[in-house]
Amino acid sequence: STDVKTLLFVGGGHAHVLAIRELVKHPLLRAHATRVVMISNGSKAYYSGMLPGAVAGLHTEEQVQLDLAALARWSGMRFVDGTVTHIDADERFVRYVASDNECGDEQRVSFDLLSIDVGSVTRTGVASGVAEHAIATRPIGLLMGKLAAFEEQHAPGDNPPRVVVVGGGAAGSELA
């Protein structure tokens with residue numbers, strides 16, 4: 001039917017997870033967007049609010065992750081593990097490459113309403129020495145591996161490394 005509306009979420013950030021929960025809790029909201037699609041480059045999302053606890057060893061990496069594919073099954077939406085390559089707001093479509101597409105062929109999905117919540121990336125190349133000496137907290141999916149490698153390089157009993165936390169947000173304060 002041409003009356004089917006598509007709500008497209010690009011990214012699996014906090015706002016999208018909460019919006020999906022609300023769509024499930026309130027069927028009248030869902031009635032206005034009968035087809036819900038999420039495209040995210042990875043099937044796992046990290047909850048940044050638990051990151052300081054994970055860094056401190058209070059939570060495992062798995063405990064701070066949300067399985068977006070499982071969320072899709074629970075909510076009845078379609079999940080695509082892929083990377084959006086183009087957004088055409090005027091014509092209301094996005095092009096993306098699915099992660100399991102070895103040829104790199106772009107696919108297209110049309111939308112009536114688009115929401116973008118892709119998270120952030122730390123710009124490490126901006127200041128001299130940052131790329132060589134810093135451990136960026138974004139994207140979160142790479143942080144835990146970088147911290148494990150750092151800890152392996154600095155075994156207990158060695159001269160303790162000097163650590164500086166740059167950033168004044170809540171997570172930066174908690175990491176310090």
Subject >> Any residue meeting side-chain contact (heavy atoms from CB on, under 4.5 Å) with Asp67, in chain and number order, not counting sequence neighbours >> reply: Lys44, Ala69, Ala70

Original post:
Which pairs, with at least one residue in residues 112-122 and sequence neighbours excluded, count as a salt bridge (Lys or Arg N to Asp or Glu O under 4.0 Å)?
Top reply: none

Subject >> Set of side chain to side chain donor-acceptor pair (under 3.5 Å) partners for Glu106, sequence neighbours left out >> reply: Thr85, Arg95

**OP:** Starting from Phe93, walk the hydrophobic network (Ile, Leu, Val, Met, Phe, Trp, Tyr; side-chain heavy atoms closer than 4.5 Å) and list everyone else you reach, by chain and number.
**Re:** none

Subject >> Inter-residue atom distance Ile20.CD1 - Met77.CE, 0.5 Å rounding >> reply: 3.5 Å

Subject >> Non-neighbouring partners of His14 that pass side-chain contact (heavy atoms from CB on, under 4.5 Å), sequence neighbours left out >> reply: Tyr47, Ser48

Original post:
How does the hydrophobic cluster around Val80 look, that is, which other residues are in it when side-chain heavy atoms under 4.5 Å mark a link?
Top reply: Leu8, Val10, Val37, Ile39, Val84, Ile87, Val94, Tyr96, Val109, Phe111, Leu114, Ile116, Val118

Original post:
Listed by chain and number, what are the side-chain contact (heavy atoms from CB on, under 4.5 Å) partners of Val17, not counting sequence neighbours?
Top reply: Leu66, Leu68, Leu71

**OP:** Check side chain to side chain donor-acceptor pair (under 3.5 Å) between Asp81 and all other residues, then give those that pass, not counting sequence neighbours.
**Re:** Ser99

**OP:** For His133, enumerate each residue passing the side-chain contact (heavy atoms from CB on, under 4.5 Å) test, keeping only those at least two apart in sequence or located in another chain.
**Re:** none

Subject >> Partner set under ring-ring contact (aromatic ring centres under 6.0 Å, His included) for Phe9, not counting sequence neighbours >> reply: His16

Original post:
Using links of under 4.5 Å between side-chain heavy atoms of ILVMFWY residues, direct or through other members, which residues join Leu58 in one cluster?
Top reply: none

Original post:
Which pairs with one or both residues in residues 49-79 pass ring-ring contact (aromatic ring centres under 6.0 Å, His included), sequence neighbours excluded?
Top reply: none

